[in-house]
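Indexing begins at 1, ligand by ligand and atom by atom, following the structure's order.
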Amino acid sequence: MNSQVLPPNEENIARAAQALRAGELVAFPTETVYGLGANALDTKAVQKIFLAKGRPSDNPLIVHIASYQMLDALVTEIPGDTVKLMQALWPGPLTLVFPKSAAVPSVITAGGETVAIRWPSHQVAQDLIRSAGIPIAAPSANLSGKPSPTTAEHVLEDLHGKVESILDGGPTEIGVESTVLDVTGKNPVLLRAGGVSTQEIECILGKRVLQKNDASKVARSPGMKYRHYAPQAKVRIFTGNVPEPDSALKNALVTLDALEDTRFPLRSHFSGSEQRMAREIFGLLRELDKQQVDVVYIQAVEPTGLGQAIMDRLNRAAEG
Ligand code: TXA
Ligand code: MG
């Protein structure tokens, strides 16, 4: 298969929608990262996602919608004050976990009784879902374990030949994935930090969001147990002083603000902007791999707001 990178004009969106209806895989931009889409109601099509990514089958997928009718067909219940969250934050980078309806194939939920749903705000994603007229299952469009793709080129690097087409919407705006929130229990539980902050959710709901660790009875987002976001290079996170690098290795230094440290010939920063760091960090890790860097020293940021998602991803990259 020759994966085509296409500008997301009307004709190409209609074509991609047709491919999705026919059971093919299409990669598309969202406001967070690029997704690898398949018809969520077609088990065979969804199986292709797992194959293309090398994704373990016990890791459930997010279903992307573009209307409340689609939502109603996929869930049996919209728990209490979840409506407040949907009204305030949808479309956007928030994924909600609901009790699933019989319409959701078990390949999506890894056999579980809940389904994760997100209404993306990206215009191309919305147009594609509407044009296809079906809900679209989509994980991040990277090989399992690699940093998520924030450009069409990243998708092509990982999935060339495995996807019918890639709609190129340019670099994604947020750069880290959606926040995943389980709303099936009495209190909402954060399963994955992401584009919407915990503080924002708590403010809308007027109650505390449990972190997955303090909700012992609730399984954490299954995907989070796997190796993730791991570049070839070793990732070392530091606070305070920059550690002494091993001069026998090729080292890179990544900081929030500009930092002159001549021990590191390769230095990157984000002009003090966490938004920019979220947007660029995955692409930077891929770029440093291309330059065959051995060790990337990354300065920790405050783990609140968007910083919570950034630190979550960096800590996983450092484990890899
Ligand atoms: O921003 C995003 O969410 C991107 C774009 C493409 O929408 N998608 C994405 O999908 O990041 P993925 O598959 O890479 O991550 C989905 C996460 C995984 O950690 C998975 O375990 C969790 O959501 N998840 C999916 N269904 C779930 C469920 N029913 N219960 C708990 N966690 C679930
Ligand atoms: Mg992913």
| message | As a check for students: among Pro60, Pro149, Gly195, Ala141, identify the option with a heavy atom nearest to atom 25 (C) of ligand 1. | response | Pro60
| field | Atoms of ligand 1 close to Ala116 [distance to a heavy atom under 4.0 angstrom, numbered from 1] | value | 25 (C), 26 (N), 27 (C), 29 (N)
| said: Testing the 3.5 Å rule here: is there a donor-acceptor pair between the side chains of Ser178 and Thr32? | reply: no
| field | ligand 1 contact on Leu191 by region, counting heavy-atom pairs under 4.0 Å | value | side chain
| task | Run the contact test for Arg55 against ligand 1 with a 4.0 Å cut-off on heavy atoms, strictly below, and give the result. | result | yes
| message | Is there a continuous path of hydrophobic side-chain contacts, each under 4.5 Å between heavy atoms, that joins Tyr297 to Ile237? | response | no
| query | Can you list the ligand 1 atoms lying under 4.0 Å from a non-hydrogen atom of Asn59? | reply | 18 (C), 20 (C), 21 (O)
| field | Proximal candidate to atom 4 (C) of ligand 1 [heavy atom criterion; set Ile174, Val33, Val189, Leu36] | value | Val33
| query | Do Ser140 and Glu177 have a side chain donor and acceptor closer than 3.5 Å? | reply | no
| By number and element, which atoms of ligand 1 are closer than 4.0 Å to a non-hydrogen atom of Arg118? | 1 (O), 2 (C), 3 (O), 5 (C), 7 (O)
| task | Ignoring hydrogens, just give me the one of Lys212, Arg192, Glu31 whose non-hydrogen atom is nearest atom 11 (O) of ligand 1. | result | Arg192
| query | Side chain or backbone of Ala138 under 4.0 Å from ligand 1, or both, or neither, by non-hydrogen atoms? | reply | backbone
| task | Indicate yes or no: does Asp158 engage Arg286 in a salt bridge with an N to O separation below 4.0 Å. | result | yes
| request: Check the angle between the aromatic planes of Tyr68 and Trp119 and answer parallel, tilted or perpendicular using the 30° and 60° thresholds. | output: perpendicular
| Would Arg15 and Gln18 count as having a side-chain donor-acceptor pair, cut-off 3.5 Å? | no
| message | I want to verify a count. Protein N, O or S atoms less than 2.8 Å away from the Mg ion (ligand 2), how many are there? | response | 1
| For atom 28 (C) of ligand 1, the option (of Asp182, Thr114, Thr30, Thr109) bearing the nearest heavy atom | Thr114
| task | Within a distance under 4.0 Å of any heavy atom of Ser140, pick out the atoms of ligand 1 and give their elements. | result | 8 (N), 9 (C), 10 (O), 12 (P), 14 (O)
